[in-house]
There are 2 protein chains.
Amino acid sequence: MEKEKTDKKDHILDVAERVFAELGYDGASTRMISGEAGVNMAMLNYYFGSKEGVFLAIFDRRITTFQTVLLSIGNDETMNSWEKLDKYLDSYIDKVVTNNCFHIMLNREISKSKKNELTDQITDIMMKNVKIFQDIIAEGIKKGDFNKDADQQLLVATIFGTKNYIVNTPHISSKVIGYDVLDADNQDKLLKPRFKTYMKKLLKAYLQN
Amino acid sequence: MEKEKTDKKDHILDVAERVFAELGYDGASTRMISGEAGVNMAMLNYYFGSKEGVFLAIFDRRITTFQTVLLSIGNDETMNSWEKLDKYLDSYIDKVVTNNCFHIMLNREISKSKKNELTDQITDIMMKNVKIFQDIIAEGIKKGDFNKDADQQLLVATIFGTKNYIVNTPHISSKVIGYDVLDADNQDKLLKPRFKTYMKKLLKAYLQN
DNA sequence: TTAAATTAATCAATCGTTTGATTAATTTTG
DNA sequence: CAAAATTAATCAAACGATTGATTAATTTAA
């Protein structure tokens, strides 16, 4: 009995994250999550209070470490704008392609047009990532590194939108790209490097003077 | 009582489309749809057989007319590749920004990683739009109009992904862009022209030799 | 009058949650 | 230390509410 309760809670969140991504928040039942996690149904409420509590707990676990890396890039004084952009893309793409369950879950819930407490929270989380990217672009334009006529707001839509398309609609993107984007091996050996190269090239073409 | 049953069916589908977009397929109940449509709950089953029948009926209504326009552009012999690309973007952006409920619905369901009958159908529908776009790009590369080193597959992810980001996550994109993207007036006067200009410029920068 | 349209009532199934009881682990007490 | 008291973890069972669907009765329209 070495493992503490934190491990069990983490295990539940692992499973819940996957099931939520597979079936959506409403489509995933507490019975299914507890069943696949191999724990009693009541444990979900015991640990996390409610179904929504489980959902929010998945958040807390992810977001804490996620943004510090990106932030450190944005604040690094030793890099110029192009280098920051490169680093940002490298880190971001590595992160989101691997932890795709979480981001699929995130995007599906935020795509509900009716606002609620959950969508507000998700909005806040996502906007932080956006803000870091926007600052890099804005700084680059200000310094004259990037084309000043660039639409930096729609550029946000392009970088995050392209990522979402590949990661969040794997049935589609696998057909488009030519291999299974959900396969871990394909992700590391094929998708990530290709995606990075493409994205840098695209942004360079658009942003350069 | 001038209106025929087709109008009533259409009215139900209008409401259902909105509610599905607001709350997701699982989150939207038949009672809510029938309630907001002002009809008895049993009418949904009477007309469409089941909840899934309603969902599929929304499809049938949209997809029939949607792709013929785009196809006619792709097959037009009088335009060169750049012109086709322009026309395609114009038509596509006009369409998807206005009928956003349908596309939000579509994307949320296809983002479920677990396959089912519905995701297969949606995949087929979406791949048709992709195919038309890919053909235009492929033809342009073949003719030498576009840069032959372009990653035409990831370019698909960019155009459709950028669109999805703006249309499907309005809470985010409204904050990023600076005005409410769900407002019809903003869509016509601000968003559409700006989006078209941006997209053409982006593709031009990336695709030109 | 007859078929189609519409209704209220009802169905079994499933939802998220709560309960009371039981076991395991920990702390307190004598 | 050992017994008692307390806390934490886990369970099966059941809760009321809601789900999608169906029935049978009624109204409308041709």
Side-chain angles (χ1 to χ4, degrees), chain A residues 1-59 61 105 108-109 112 114 116-119 121, chain B residues 1-60 105 108-109 112 114 116-119 121:
Chain A
M1 194 68 75
E2 300 298 294
K3 312 210 167 192
E4 288 298 314
K5 70 169 182 181
T6 358
D7 289 315
K8 177 163 275 188
K9 287 174 90 170
D10 261 339
H11 171 64
I12 293 175
L13 293 182
D14 286 339
V15 174
E17 190 172 294
R18 198 195 74 242
V19 176
F20 276 137
E22 284 177 354
L23 302 167
Y25 178 79
D26 295 300
S29 72
T30 55
R31 281 172 178 77
M32 177 172 292
I33 294 172
S34 60
E36 293 205 20
V39 302
N40 190 277
M41 213 174 43
M43 298 308 295
L44 298 192
N45 297 77
Y46 180 73
Y47 279 138
F48 308 105
S50 67
K51 184 185 183 182
E52 185 173 319
V54 175
F55 196 82
L56 293 175
I58 296 173
F59 277 27
R61 205 174 53 146
M105 199 179 74
R108 172 150 356 82
E109 294 314 310
K112 293 176 180 172
K114 184 159 278 182
N116 59 48
E117 207 180 320
L118 212 56
T119 57
Q121 290 204 45
Chain B
M1 195 67 76
E2 301 297 290
K3 312 207 166 192
E4 287 298 315
K5 71 169 183 181
T6 359
D7 289 314
K8 177 165 274 190
K9 287 174 88 170
D10 260 339
H11 172 63
I12 294 176
L13 294 183
D14 286 338
V15 174
E17 191 173 291
R18 197 195 73 241
V19 176
F20 277 139
E22 284 177 354
L23 300 167
Y25 179 78
D26 295 301
S29 72
T30 54
R31 278 173 180 77
M32 176 174 295
I33 294 172
S34 60
E36 294 205 22
V39 301
N40 189 279
M41 207 181 56
M43 297 307 294
L44 299 191
N45 294 338
Y46 181 71
Y47 280 139
F48 308 105
S50 67
K51 183 184 183 182
E52 185 172 320
V54 175
F55 196 82
L56 294 175
I58 296 174
F59 276 28
D60 292 333
M105 199 178 75
R108 185 177 14 246
E109 295 313 311
K112 294 176 181 172
K114 184 158 279 182
N116 59 48
E117 204 181 323
L118 212 55
T119 58
Q121 288 203 47

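Here is the naming used below: chain letters follow the sequence lines, and residue numbers restart at 1 for every chain. What you see is a predicted model, and the numbers here were worked out from it, not measured in a lab.
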- prompt: Looking only at side-chain N and O atoms, does A:Lys8 come under 4.0 Å of OP1 or OP2 in D:dT10?
  reply: yes
message: In this structure, how many angstroms lie between the C1' atom of D:dG20 and the CD atom of B:Glu52, rounded?
response: 12 Å
message: Below 4.0 angstrom, which residues in residues 34-44 of chain A have at least one non-hydrogen atom near DNA chain D?
response: A:Asn40, A:Met41, A:Ala42, A:Met43
- prompt: Is any side-chain heavy atom of B:Tyr46 less than 4.5 Å from a side-chain heavy atom of B:Asn40?
  reply: no
field: d(CG, B:Asn45; P, D:dT23) in whole Å
entry: 11 Å
- line: Rounding to 0.5 Å, atoms CG (B:Asp26) and CD (B:Glu109) come to a distance of 6.5 Å
query: Looking at B:Phe20, does the NZ or CZ of B:Lys51 lie under 6.0 angstrom from its six-membered ring centre and within 45 degrees of the ring axis?
result: no
task: Supply the atom-to-atom distance A:Glu36 CD to A:Arg18 CZ, rounded to the nearest 0.5 angstrom.
output: 4.5 Å
field: Expected output: side-chain A:Tyr47 to main-chain A:Val54 donor-acceptor under 3.5 Å
entry: no
message: Without decimals, in angstroms, what is the distance between A:Ile12 CD1 and D:dC11 P?
response: 10 Å
query: What are the two closest heavy atoms between A:Leu23 and A:Ala28, and how far apart are they?
result: CB-N, 4.0 Å
- line: Taken to the nearest whole Å, CD1/B:Ile33 to P/D:dT19 is 11 Å
query: Any side-chain N or O of B:Tyr46 less than 4.0 Å from the OP1 or OP2 oxygen of D:dT22?
result: no
task: For A:Asp26 and D:dA17, give me the distance from atom CG to atom C1', rounded to whole Å.
output: 16 Å
- prompt: Between D:dG20, C:dT18, D:dA9, which nucleotide has the shortest distance from any of its atoms to the side chain of B:Lys51?
  reply: D:dG20
message: If you define the side chain from C-beta out and look only at heavy atoms, does anything of B:Ile12 sit under 4.5 Å from B:Phe48?
response: yes
- prompt: C:dT10 C1' sits how many Å from B:Arg31 CZ, rounded?
  reply: 10 Å
field: Below 4.0 Å: OP1/OP2 of D:dG20 and any side-chain N or O of B:Ser50
entry: no
- prompt: How would you label the contact of A:Ser29 with the nucleic acid (heavy atoms, under 4.0 Å): base, sugar-phosphate, or nothing?
  reply: sugar-phosphate
